[in-house]
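The block underneath contains the structure these notes are about, expressed in structure tokens.
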Amino acid sequence: MLAFISRRIGYSLLILLGVTFITYLLLFMLPADPARQIAGRSATPEVVAGIRMQLGLDLPFYQQYANYLGNLVQGDLGRSYIQRSPVTELIGARLRPSLELMAAGIGFELLIGISLGVIAALRRDSWADKALMALSFIGVSAPQFIAAMLFLYFFAVQLDWFPMGGYGGFEHLLLPALTLGILGSGWYSRMVRSSMIEVLHQDFIRTARAKGLSRVRVVLRHVLPNAIVPVIPMIGIDIGIFMGGLVVVESVFGWPGIGQLTWQAIQQVDIPVIVGVTTVSAVAIVLGNLVADLVIPWVDPRIDIKKH
Amino acid sequence: MKVLRALVRRPAVALSLLYIVIVVLLALFAPWMSPYDPSEQFVEGLSLEGAPLPPDTPYLLGTDLLGRDLLSRLIYGARTSLFIGLLANGLAVLIGTLVGLSAGFLRGWVGSTLMRFTDLMMAFPALLLAIALSAIFQPSVWIVALVIAMVNWVQIARVIYSETIALSARDFVAVERTLGASSLRILFSHLLPHLLPTILVWATLGISTTVLLEATLSYLGVGVQPPTPSWGNIIFESQTYFTSAPWLVFFPGIAIVLLSLAFNLVGDALRDELDPTLQGRS
Amino acid sequence: MNRKALSLAIAATLFAGNLLADDFDPNAKDGGAAVITYQNDVATLDPAIGYDWQNWSMIKSLFDGLMDYKPGTTELTKNLASDYSISEDGTVYTFTLKKGVKFHNGRELKASDVKYSLERTVNPKTQSPGAGFFSSIVGYEDMAASKAEQLAGIEVVDDYTVRITLKSANATFLQVMAINFSFVVPKEEVEKWGADFGKHPVGTGAYSLAEWKLGQQILFKKNPDYFKAGLPHLDSIAFEVGQDPMVALLRLQKGEVDIAGDGVPPAKFLEFKNDPKFKSLVVTGDQLQTGYLTLKTTLPPFDNLKVRQAVNMAISKDRIVRIINGRAVPANQPLPPAMPGYDKDYKGYAYDVEGAKKLLAEAGFDKGFDTEMYVMNTDPQPRIAQAIQQDLAKVGVRVKIKSLAQANVIAAGGSKDQAPMVWSGGMAWIADFPDPSNFYGPILGCDSAVDGGWNWALYCNKSLDALAAKADSMAKPEQQAERTALWKKIFIDVMADAPWVPIFNEQRFTVRSSRMGGSDALYVDPVHIPVNYNYIYLK
């Protein structure tokens, strides 16, 4: 077990290394000059050259990347070219709103997804099942920015149930989180439905029912825990999808999180911030997958980890 | 043909196919279908204060912020969105199949290197990657399609990889091998035909993803360049006005959602019909 | 109708500015707290680094320079300097400092602080975007190239006297001494905080920074020891960041917000303008800004004067102004109307499609040509670019639009073989100080017509450069009328070469709650952009 875990962790680190390398390489190729950007419009060529030297932008690519890695190991993501503050501080200040939104979003996603999936599976082939599955399809098919704008228009502008956007209390969080949750729930409800159906057909469930256990008890104690197993690795993958979704949803709702920071940084070619955000999201994705990998055998001992 | 007949028997799928056909026809015959030139900025298409006109005659779906006819832009936009969706998805399926197939068939270090690379791409925040790529290569229709393909092949590669592994382990491949069939022969006459249903399903499902990604990139301003209309950049151009001119977001939004929904429904139905592992289950 | 209302508003602003001539407002009340909102985070409050319109006037309220402007106007006044004298040849400036001016940490400001602060900005290690403003000081090159640790041209005579020697007479030097990059900072605090000084600013200004919650709020509190008696009026100002402009306006209506820092979002402008509830809350003012289209004079076919003139005649500026809902006035020359040297009699190139076609035919392009236009990818810039594109298509010029992130446009604009046309919107030239020379050297002069410069037309007219140099050497007060006339001629001559198509001058619309007091001019201050925080008060 320990060997498995350490191998998985080592592998995750390797993936992170790859992600930072590719990001750094892409940004190195970007046709924009950060030194010029920092130096401002009244700068003389000498000033620009001086800044380029200080930032190490005149170094060859491998050396720049090596410097970056060296700092990264010490937990230093560099300083923003534009804001001049440490990237860790900038991300740190925005992490909380994003995490709140993400947690609430994934929470809604699971809540809506699993409950719809369970209902659909239990009422299989009824009109309710068909309607729910159709809904889930619409959720999967709607891009976040359209859903976000439509929700904002109907619920905030027309009905005035929610604030127009911005960061603040629970009422601000609700609409963006619901947007993410409703859209993302489609995959979960479909998945839960099919795995529920599969579990319902298995022998031990029939045995449990035959023993005279109540239907509710069987579903809650025996079916659900088994049906949820395939959902767990999905959450890991979902974190990655969420990272992308945040850029869009935060920009529509004016949510001051990582997504907005990223968007601003891309506009201004603030390379340290872009690399920092990519690294942080890659860490989140890899961690999500890692945790999923480690949790599955614990939830479902039938799965043999050595086969992975 | 049998499959098609089975598909049409489902009402939702039949409607989806109908919608897809309509969009394709609109796209193909856009110059004859659209009432106006999509890039013509009509002076009378704006109010005196410069506000866009709501749906009415002569501009049936209203005008956009430059006084252009929204209906004509939507019809021409179908061209861009479909073209990029199909091209990007075709490329993604091609790359994904090649990578997955060679990784699963060759195994060894080539196979594991390919799959490690796939894992790496999975850990990349896809949208960030797409935005960065389109910032580097100045966006055009082709570049946008390429960028989307680069982001989207990963999942297909994984699916094809595991299917190839599973197929290779099946008896008939082993028998062929002992009979002395060449690798290429096994690849083309045994593995590929068996993989075709999967590829077809993903090719259909994937279009929905690529259409959405195109829209999202254009919405963020790093997609198709103006004045070429695409459903995504129509929304991008009008997004800040959506409370005062909701039709500018509403119509293209519905068009995108329906197209993506249609491809999803068809793809899902195809899977039910073609996927041998699902047969008889639902 | 619309236009007339606008110009009346401008007239009112300028008139109010005159009333404030001796920056004292008898109606002002002291005390109270104001709430100001912004959408974006404030980047930094380091005066040597902050260079966007959001932190520009915040820094002006935390720090002081030797010179400043009368509130709401573009008229230079003495600030930290109690007096100054200029040598006969115009190269030596001797400033006498006010006594008893204290930094927020309690220490008195001395002449050595002035020297230190200017050198800090020029020092390449500071990476200041404003270093170039001080290139007229003797010793600048050595310091910029890291060959010297000090500026040879700055001399501390005694604790309250500092002498600055310039390479040659420079009429704009006093303006430079009023720019944020020259503001005085205390060495010990800079060294204490290092690169984080911008998050822990300590100056001599009317307010001091009380709290900074990153991404949420910045709190300024009144500096009780401020050297200008009676200022500031407010006890504190809270800047709330991360606020959507639309939400900010709704909150302002409810009385929760006093100034919506981002103004009226373009999409809401018409609704807002036509809503009687808001009418009395909006202040309209001029901005020292010009939006223009550059034509790269070194790239064919724009190396042909006739082609450039034709492009100037082919674009309907009135239509573009209508597309942005009348939030600007059409321009016909590089200088904005509020800038000294603006020629109000100049008619510019009139909109004339047939004339443009004729010029193109004369230039040998009767079939038109293909070209590219670079533009920033945030609304409304791509829209304006498309309007220009359609106008040019009518005379046969087929334009391909490249709508990219800001940094990419800047990079392409400054390179020799790219970006034949650049629409400057979103990156447009806003004056650093209210002097016409600021609109020439960095964006039209030969020195900036280099790879990576901001002269995106790569326009270089040696004889005009000589005239500009001559104008900038007229530093004496009695020469100012002559100097302004010279600048007026330079910019009209520039238009004869047509390296730009000046499109419009944007207006500013500040929204403030009904409880805010002070002259309207303070809310659209041409220098303290967007609002002069030191003088506003609660009614």
Side-chain angles (χ1 to χ4, degrees), chain B residues 36-54 63-68 73 131-141 143-144 217-230 232-246 248-249, chain C residues 1-2 244-246 250 264-275 316 318-328 372-391 393-394 398-409 411-412 418-419 423 426:
Chain B
Y36 300 99
D37 178 345
S39 346
E40 178 71 27
Q41 301 164 15
F42 294 102
V43 179
E44 65 280 9
L46 288 175
S47 78
L48 277 180
E49 286 178 312
L53 303 180
T63 58
D64 75 356
L65 301 169
L66 282 165
R68 296 174 295 200
R73 287 188 74 70
I131 294 172
L133 280 175
S134 19
I136 293 173
F137 309 104
Q138 302 184 347
S140 70
V141 174
I143 293 293
V144 172
L217 285 181
S218 296
Y219 164 77
L220 289 172
V222 290
V224 181
Q225 292 290 288
T228 308
S230 93
N233 77 7
I234 293 174
I235 299 182
F236 162 69
E237 285 187 346
S238 337
Q239 54 173 323
T240 50
Y241 285 73
F242 82 96
T243 51
S244 51
L248 286 175
V249 172
Chain C
M1 170 61 213
N2 198 1
D244 179 80
M246 207 45 235
L250 294 175
V264 189
K268 280 282 163 185
F269 182 73
L270 284 182
E271 245 172 87
F272 205 82
K273 202 184 73 181
N274 300 330
D275 187 339
S316 164
D318 289 317
R319 194 170 74 89
I320 294 174
V321 166
R322 196 172 104 180
I323 282 167
I324 59 167
N325 307 132
R327 282 177 294 123
E372 284 179 346
M373 171 166 30
Y374 282 63
V375 52
M376 202 175 128
N377 63 359
T378 47
D379 189 76
Q381 313 314 339
R383 263 196 292 145
I384 296 172
Q386 290 178 69
I388 297 174
Q389 182 188 41
Q390 160 146 324
D391 284 344
K394 286 193 182 129
R398 296 169 294 274
V399 182
K400 214 169 133 200
I401 294 179
K402 298 265 183 191
S403 152
L404 306 168
Q406 182 183 3
N408 301 48
V409 180
Q418 276 191 77
W423 161 242

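Within every chain, numbering begins at 1; the chains are lettered A, B, ... in the order of the sequence lines, protein sequences first and strands thereafter. FYI, side chains are in, hydrogens and waters are out, and symmetry mates aren't considered; it's all heavy atoms of this structure.
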note = The interface call for B:Ser244 against chain C, heavy-atom contacts under 4.5 Å, is both
task = Answer yes or no: does atom NZ of C:Lys400 have more than 12 heavy-atom neighbours from other residues, nucleotides or ligands under 6.0 Å?
result = no
key: With sequence neighbours excluded, residues passing side chain to side chain donor-acceptor pair (under 3.5 Å) with B:Gln225   = none
With a 4.5 angstrom heavy-atom cut-off, could you sort out which part of [X] is near chain B: side chain, backbone, both or neither?
| X | answer |
| --- | --- |
| C:Gln389 | side chain |
| C:Ile401 | both |
| C:Ala405 | neither |

message = Taking the side chain as everything from C-beta on, heavy atoms only, tell me whether C:Arg327 gets closer than 4.5 Å to C:Val264.
response = no
task = Count the heavy-atom pairs under 4.5 Å between each of C:Leu270, C:Ile384, C:Asn408 and chain B, then report the option with the highest count.
result = C:Leu270
note = Tightest non-hydrogen contact, residues C:Val409 and C:Tyr374, listed as CG1-CB, 4.1 Å
request  = List in chain and number order the residues that pass salt bridge (charged side-chain N to carboxylate O under 4.0 Å, His left out) with C:Arg383, two or more places apart in sequence or in another chain; answer none if no residue qualifies.
outcome  = C:Asp379
